[in-house]
Amino acid sequence: MFVAASAAFALLHAAPGDPYSDLDRYQFMSADVREAQRARRGLDLPLRQQYARWIGSLVRGDLGWSTLEQRAVRDVIRDALPRTVGLMTLALIGSLVIGIAIGAWQGTRTGSVGDRMLSLLAMLLYSIPEFALAATLMLLLTPWLLPVGGIMTEGFEQLAWPARAWNVAQHLVLPWLSLSLIGAAVVARYQRSATRDVFRQPFIQTARAKGLGVGAVRWHAMRASLLPVIALTGMLFPSLLTGAVFVEQIFNWPGMGLQLLRGLDQHDYDLVTSLVLGIAALTILGSLIADLLRDLADPRVRSAVRAD
Amino acid sequence: MIRAVSSARSRTIATVLLLAVCGAVSCGGEQGENVTPLNSGGTMIVVQPEEPTTLFPPLLTSSAGLGIVNGIFDRLAEIGPELNVSGDRGFTPRLASAWQWASDSLSIAFTLDDKARWHDGAPVRADDVRFTFGVYTADVIGSDLKSVLGNIDSVSVRDSVTAVFWFKRRMPHQFFEATYHMYILPSHLLASIGMDKLTDAPFATAPVGTGRFRFASWERGVRLDVIADTANARGRANLDRVIWSFVKDYGTATVKLFAGEADFYEAIRPENIPEAARSTNLRLQPAPTLQYGLLVFNLGARGDSTVPNPIFSDVRVRRALAMALDRVKMARNVFDTLGAVSLAAAPRALIPDTVALRQLPYDPVAARALLDSAGWVLAAGDSVRTRDGVRLTFEVLAPQSSLARQRYATLLQEQLRGVGVEVRTRIMAGPAIGAQVMALNFDAFVWVWGSTPGRLGMVQTWGSRGSQNMGAYRSRAFDALLDSALVAFDDAESKRLWTATLQQLIDDQPAIFLYEPQTPVAVHKRIRTAPLRPDAWYANLADWSIDPAQRIDRDRIGLGGPR
């Protein structure tokens with residue numbers, strides 16, 4: 001986390017310009033005022049001193065000041081984090097449910113026309129960048145079916161509770177679908193391969209020989225084939241986070257990704273470094289959860305832990 | 001007799017009816033004061049890509065925040081639609097109900113409207129005006145506007161409703177200086193906060209003003225709501241609610257507009273105009289602006305303005321480059337009919353006599369001859385001119401946020417190639433361009449300048465000591481003309497001097513004046529707008545209304561309460 005945030009700090013400062021150098025944004029700002037603002041935020045200090053100040057603030061739990069939002073960075077993140085985490089969680093669940101279902105179906109029917117068609121579709125989705133898929137979905141599904149963007153419609157506060165929930169759900173569909181479809185394509189490929197491999201395992205043959213029904217056999221196979229997918233979840237999380245940066249911008253979803261792009265655009269140093277820190281933390285957390293789930297799901301790991 | 005009685009009865013009935021109607025529409029009575037106009041109501045959604053960083057008026061200069069703040073706060077007086085800045089001609093009362101000039105014209109006493117109230121109910125006092133001037137001019141606040149308030153010596157309080165502005169020097173635009181730049185702030189809420197903490201105080205994000213709209217809520221990154229102030233002394237705003245919806249992505253903002261999820265979009269791009277014109281819900285409305293686009297030359301050497309630039313310090317070269325460009329075709333190429341060639345260092349709306357200005361003609365043959373005479377010659381078999389072994393080549397910067405400016409950079413490259421000049425275009429992020437420009441580490445850049453009424457900003461942009469004189473243009477002749485124009489009281493003399501000032505810039509070509517955007521704004525058809533003022537389309541937003549017969553679901557949101 002620290003290395004990622006430090007790298008962001010260094011790269012951002014290496015880029016020409018600073019938060020007050022955009023002539024379009026600060027067209028009328030005089031040189032004196034510009035210098036005063038820089039001095040106020042410590043931007044006139046040598047880079048080493050700025051870095052030391054930033055580290056010092058971080059240690060004290062102070063994430064700094066957003067020059068873009070004119071408020072404390074922790075307040076910006078407090079607003080954005082739940083929106084991104086909510087979207088990511090739903091996208092992750094969507095990716096896993098859709099991907100596992102499709103992959104498992106394909107794994108039991110490898111080589112069929114349906115399998116080939118779905119593989120092609122998965123490959124297509126996998127190769128489309130998130131922003132292109134998001135823009136395509138927007139063009140196809142708005143405005144007749146779904147709202148264009150944002151997290152709620154104007155007049156939201158006048159709605160009754162069921163209508164509010166429905167309104168939020170409507171706004172969620174497109175960003176969720178954009179992230180979930182690509183995630184599902186990845187999961188489906190792994191699940192298909194894992195299912196196919198599991199069905200070749202001796203324990204499945206044994207289960208069949210014992211006379212277990214098709215449903216029971218598939219259930220056993222499914223449990224065993226989930227292990228690679230659970231391991232994949234740890235890697236899927238950062239990939240979804242990266243995708244969220246672009247999807248949030250296209251659908252105007254005011255989460256961490258959108259703030260990151262705005263911050264980068266305007267050289268909002270404290271905001272960007274803090275968001276990188278936050279995204280790194282979420283990535284590590286995602287990997288940790290995936291490891292824990294794998295430990296829980298795999299009896300071999302459990303027994304190894306017990307033996308230790 | 002019967003006819004006379006009948007006639008008298010008719011007159012009585014007519015009088016009663018007239019009084020009833022007058023009562024209903026509050027004609028002749030106190031305007032406002034909890035009276036609901038017949039056409040009030042409705043919600044308008046303004047979609048805009050840029051979100052303001054603050055609502056603290058001294059720190060606002062971009063239209064993103066000014067549109068919001070203009071509804072929440074008031075100035076002492078409002079400039080007229082002609083944007084006259086000489087004396088008080090055309091100005092209409094706002095917080096000040098009257099004003100009186102001193103006999104020597106070195107002070108103006110503003111009498112505040114005794115019915116004016118802050119949105120928290122407190123009366124507006126002369127102390128608020130004095131406090132506001134103190135805030136705008138405090139170094140610790142860092143307002144960009146401090147430099148344009150330099151002629152105001154001080155503001156004193158004569159009595160609770162009379163504030164007196166004292167000026168250092170008698171100038172034609174004193175009244176404009178006192179009224180145009182400052183939105184009056186509530187001292188009863190802010191005076192107790194230290195000046196150094198004002199910009200970060202909660203007030204900066206949840207302000208209390210005197211305008212016909214009051215602040216309702218702000219969900220960062222999403223939207224900001226203002227609602228009609230129903231108790232306003234000048235009458236409530238017609239619209240119940242204006243929602244400023246922030247959509248960073250231009251494409252998404254445009255889709256939102258076409259989808260009917262927004263009612264007003266100022267930044268619609270030329271490529272989306274045909275679709276907007278075909279829309280059954282939208283209308284395109286001409287919206288004059290005070291912007292003009294230009295190619296600014298760096299007249300000093302890269303990184304050192306004291307050393308002349310080897311290419312651009314020669315006026316013959318600058319004039320030749322201007323004459324090599326077919327600016328009419330360029331404007332047509334980029335904007336089609338939604339842009340025009342810029343005539344001078346000011347938009348047409350601020351040029352007193354457009355006909356009197358002598359333009360440099362489009363004449364590539366003359367341009368080549370001029371470059372030859374300046375020593376930049378084209379050797380046989382070469383495509384780029386040279387002088388003493390140095391090639392006539394330079395870099396043009398354009399921001400990645402503006403397609404129009406990028407296209408202009410490409411067109412400049414192509415057209416100047418025709419006279420043996422090599423142009424390298426470089427598209428960069430806004431802050432990166434700014435950093436290079438401020439360090440004078442550039443050759444030329446395509447920029448858009450937003451003028452202020454009265455051309456007063458020219459001191460900063462083109463004056464030898466101007467803080468925004470990016471190209472390091474220095475001309476004693478221009479400075480002298482500008483100084484004279486700024487202090488000319490007589491209309492005819494002022495017109496003559498301003499024409500001469502602008503002509504000096506055309507002759508010197510410290511920049512090539514490229515275009516004036518004339519892009520319309522897109523408005524939902526049910527919305528009735530007031531005239532759009534060139535310096536601020538939002539100036540009369542409180543007078544906009546929605547046709548009751550065409551209202552849609554969101555028009556029934558109403559005032560509600562702050563969320």
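Naming convention: chains lettered A, B, ... in sequence-line order (proteins, then strands); numbering from 1 in each chain.
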Novice: Check whether any side-chain heavy atom of A:N252 lies under 4.5 Å from a side-chain heavy atom of B:K256, and answer yes or no.
Specialist: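 They are not in contact (no side-chain heavy atoms under 4.5 Å apart), so the answer is no.
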
Novice: Heavy-atom distance under 4.5 Å to chain B: side chain of A:W253, backbone, both or neither?
Specialist: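 For A:W253, no heavy atom lies under 4.5 Å from chain B.
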
Novice: Give, as side chain, backbone, both or neither, the part of A:R71 having an atom under 4.5 angstrom from any heavy atom of chain B.
Specialist: side chain

Novice: Let me know if B:V437 has heavy atoms under 4.5 Å from chain A in its side chain, its backbone, both or neither.
Specialist: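 For B:V437, the side chain is the part near chain A, not the backbone.
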
Novice: Of the listed residues (A:G150, A:S21, A:A72, A:P16), which shares the most heavy-atom pairs with chain B below a 4.5 Å separation?
Specialist: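 Most pairs with chain B among the choices: A:S21.
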
Novice: Kindly say whether A:V148 contributes a backbone atom to a donor-acceptor pair with the side chain of B:E261 at under 3.5 angstrom?
Specialist: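 Looks like yes, one N/O pair under 3.5 Å.
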
Novice: So for B:N469, is it side chain, backbone, both, or neither that comes closer than 4.5 Å to the heavy atoms of chain A?
Specialist: neither

Novice: Measure distances from B:Y250 to the heavy atoms of chain A and classify the residue's part below 4.5 Å as side chain, backbone, both or neither.
Specialist: neither

Novice: Identify which of A:R83, A:Q266, A:Q37 forms the greatest number of heavy-atom pairs closer than 4.5 Å to chain B.
Specialist: A:R83

Novice: Under a 4.5 Å heavy-atom cutoff, which of B:R405, B:M428, B:R556 has the most pairs with chain A?
Specialist: B:R405

Novice: Has B:Y136 got more than 12 heavy atoms of other residues, nucleotides or ligands less than 6.0 Å from its OH?
Specialist: yes

Novice: Need one label for B:E50: side chain, backbone, both or neither, based on atoms under 4.5 Å from any heavy atom in chain A.
Specialist: side chain

Novice: Among B:A432, B:A429, B:G221, which residue forms the greatest number of heavy-atom pairs with chain A at distances under 4.5 Å?
Specialist: B:A432

Novice: If you define the side chain from C-beta out and look only at heavy atoms, does anything of B:T252 sit under 4.5 Å from A:M138?
Specialist: yes

Novice: Who among B:G434, B:S143, B:G558 has the most heavy-atom pairs with chain A under 4.5 Å?
Specialist: B:G434

Novice: Sort out for me which of B:Q436, B:M438, B:R554 touches chain A most, counting heavy-atom pairs under 4.5 Å.
Specialist: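 The candidate making the most pairs under 4.5 Å is B:M438.
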
Novice: To the closest 0.5 Å, what do you measure between CD1 (A:I250) and CG (B:D249)?
Specialist: 6.5 Å

Novice: Does B:R302, at its CZ atom, have more than 12 non-hydrogen atoms belonging to other residues, nucleotides or ligands within less than 6.0 Å?
Specialist: yes

Novice: Looking at A:R40, A:E69, A:Q259, which has the largest count of heavy-atom pairs under 4.5 Å with chain B?
Specialist: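 Maximum pair count with chain B is reached by A:E69.
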
Novice: Would one find more than 12 heavy atoms of other residues, nucleotides or ligands at under 6.0 Å from atom CZ of A:R53?
Specialist: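 Result for CZ/A:R53: open.
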
Novice: Examine whether an atom of B:T461 lies under 4.5 Å from a heavy atom of chain A, and if so say whether it belongs to the side chain, the backbone or both; otherwise answer neither.
Specialist: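 Neither part, no heavy atoms under 4.5 Å.
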
Novice: Heavy-atom distance under 4.5 Å to chain A: side chain of B:S245, backbone, both or neither?
Specialist: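 For B:S245, the side chain is the part near chain A, not the backbone.
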
Novice: Given a strict heavy-atom distance threshold of 4.5 Å, which part of B:F246 is in contact with chain A: side chain, backbone, both, or neither?
Specialist: backbone

Novice: Can you tell me how far apart OG1 (A:T153) and CD1 (B:I45) are? Round to the nearest 0.5 Å.
Specialist: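 Going from the OG1 atom of A:T153 to the CD1 atom of B:I45 covers 6.5 Å.
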
Novice: Should A:D265 and B:K248 count as an ion pair when the cut-off is N to O under 4.0 Å?
Specialist: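 A salt bridge links A:D265 with B:K248.
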
Novice: Give, for atom CD of A:Q70 and atom OG1 of B:T199, the distance between the pair rounded to the nearest 0.5 Å.
Specialist: 6.5 Å

